[in-house]
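Reading through the structure tokens given below for one structure.
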Amino acid sequence: MTTLFTVVVAFISFRYIFSVIFKNDEPLRKEAENKVSLFQYLYNSQHLDKIYNESCDDFQQATPRDEFLSIMNGKMDVFGEFEHSTLLYSNVINSKKIILSYRTTYKHYSLIEEFIYNYNDKKDLCLQSFYIDDSGKRGNVIKLK
């Protein structure tokens with residue numbers, strides 16, 4: 001009986017410590033995934049200003065609006081419309097920064113994209129960084145049509 005009690009106490013203690021150390025980051029991941037879905041919808045509907053306006057201040061300081069719009073319009077010309085994506089990897093750092101990597105398929109190409117979202121000072125989740133792996137460093141770039 002004492003051995004069973006010890007095992008039960010050890011198990012409960014382990015679960016408690018595990019839950020404290022490894023917080024449930026699923027709600028943060030889901031919120032960031034929803035932001036990526038919105039990004040993709042806005043891209044297809046050509047509401048690029050809205051994507052830019054919802055990005056973090058440091059993103060806007062690093063990338064002027066006109067440059068961002070030019071890049072995104074060039075992306076549409078080369079890749080075509082967004083069709084679908086598959087989440088490959090996600091990571092939450094300090095319950096503040098969420099990194100999401102996708103295999104994204106456009107009309108003309110399939111490639112890897114990375115989105116980094118961060119909570120700003122107002123506690124809003126905003127786009128901090130967006131990376132299009134058009135050189136194939138993180139996965140094959142596949143020409144479709």
Side-chain angles (χ1 to χ4, degrees), residues 6-145:
T6 304
V7 169
V8 169
V9 169
F11 177 75
I12 292 171
S13 298
F14 174 76
R15 285 198 46 140
Y16 174 75
I17 291 168
F18 187 81
S19 69
V20 168
I21 293 173
F22 300 102
K23 298 177 193 169
N24 182 6
D25 293 328
E26 193 60 30
L28 302 175
R29 292 174 202 270
K30 275 293 175 206
E31 185 179 1
E33 288 174 33
N34 290 338
K35 290 280 191 177
V36 171
S37 294
L38 177 62
F39 180 104
Q40 294 161 338
Y41 168 78
L42 293 171
Y43 168 81
N44 271 0
S45 58
Q46 288 293 288
H47 290 107
L48 305 176
D49 274 339
K50 187 152 176 70
I51 294 172
Y52 187 82
N53 292 341
E54 293 187 6
S55 64
C56 295
D57 290 343
D58 56 345
F59 179 91
Q60 292 179 9
Q61 289 172 0
T63 310
R65 177 184 301 277
D66 291 342
E67 184 179 331
F68 175 78
L69 296 176
S70 176
I71 290 168
M72 295 304 287
N73 284 319
K75 177 181 169 181
M76 179 63 85
D77 291 343
V78 173
F79 299 138
E81 287 192 350
F82 166 80
E83 293 186 353
H84 68 283
S85 63
T86 303
L87 180 64
L88 302 175
Y89 169 82
S90 67
N91 189 20
V92 178
I93 301 170
N94 295 330
S95 297
K96 185 176 179 180
K97 182 181 291 193
I98 301 98
I99 302 169
L100 303 163
S101 293
Y102 287 86
R103 163 61 67 178
T104 304
T105 301
Y106 293 92
K107 183 176 181 181
H108 304 296
Y109 286 91
S110 175
L111 46 77
I112 303 297
E113 292 182 319
E114 182 177 90
F115 297 83
I116 300 177
Y117 283 90
N118 196 21
Y119 284 96
N120 62 19
D121 296 336
K122 296 176 257 178
K123 305 289 187 228
D124 295 326
L125 191 61
C126 58
L127 180 65
Q128 181 182 15
S129 173
F130 171 58
Y131 173 72
I132 306 164
D133 183 21
D134 55 358
S135 65
K137 291 180 182 175
R138 298 183 183 183
N140 292 337
V141 176
I142 303 166
K143 184 164 177 41
L144 300 173
K145 298 175 186 172

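Just so you know, these numbers come straight off a predicted model, no measurement behind them. Any value given below was found using the heavy atoms of this structure, including those in side chains, with hydrogens, waters and symmetry copies removed.
Residue pairs meeting the side chain to side chain donor-acceptor pair (under 3.5 Å) criterion with at least one member in residues 129-138, sequence neighbours excluded, are Glu114-Arg138, Tyr131-Asp133, Asp133-Ser135.
Using cut-offs of 30° and 60° for the angle between ring planes, the Tyr102 and Phe115 rings count as perpendicular.
Formation of a donor-acceptor pair under 3.5 Å by the Asn73 side chain with backbone atoms of Leu69 is found in this model. The closest donor-acceptor contact from the side chain of Arg103 to the backbone of Leu88 lies at 3.5 Å or more, if one exists at all. Distance alone, capped at 3.5 Å, places no donor-acceptor pair between the Asn94 side chain and the Lys96 backbone. Side chain of Asn44 to backbone of Phe82: a donor-acceptor contact under 3.5 angstrom is found.
From Leu48, atom CG reaches atom CG of Asn53 across 11.0 Å, with rounding to the nearest 0.5 Å. Here the CG-OH distance, from Leu144 to Tyr109, works out to 9.0 Å after rounding to the nearest 0.5 Å. To the nearest 0.5 angstrom, Ile112 atom CD1 is 7.5 Å from Thr104 atom OG1. The line from OG1 of Thr63 to CE of Met72 is 11.5 Å long, rounded to the nearest 0.5 Å.
Here Tyr106 and Tyr43 bring their ring centres to under 6.0 angstrom of each other.
Counting only heavy atoms from C-beta outward, the side chains of Phe79 and Ile132 approach each other to under 4.5 Å. Residues Gln128 and Asn120 fail the side-chain proximity criterion, which asks for heavy atoms closer than 4.5 Å. Counting heavy atoms from C-beta outward, Glu83 and Lys107 have side chains that approach closer than 4.5 Å. Two residues are said to be in side-chain contact when any heavy atoms from C-beta on lie closer than 4.5 Å; Leu125 and Ile98 meet this criterion. Using a 4.5 Å cut-off on side-chain heavy atoms (C-beta onward), His108 and Val78 make no contact.
Between Ser95 and Leu28 the shortest heavy-atom distance is CA-CD1, 3.8 Å. Phe59 approaches Ser55 most closely through the heavy-atom pair CD2-OG, 3.2 Å. Counting all heavy atoms, side chain and backbone alike, Cys56 lies closest to Asn118 at SG-O, 4.0 Å. Between Ser90 and Arg29 the shortest heavy-atom distance is OG-NH1, 2.7 Å. Contact record, Ser110 with Thr105: OG-OG1, 3.5 Å, taken as the closest heavy-atom pair.
Residues satisfying the side-chain contact (heavy atoms from CB on, under 4.5 Å) criterion with Glu54, sequence neighbours excluded, are Lys35, Leu38, Lys50.
Side-chain atoms of Glu113 and Ser85 form no donor-acceptor pair, as typed in the model, at a separation below 3.5 Å.
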For Tyr52 and Phe68, run ring-ring contact (aromatic ring centres under 6.0 Å, His included): C-alpha distance rounded to whole Å, both residues' side-chain angles, the deciding distance at 0.1 Å, then the answer. CA-CA 7 Å; Tyr52 187 82; Phe68 175 78; 5.5 Å; yes
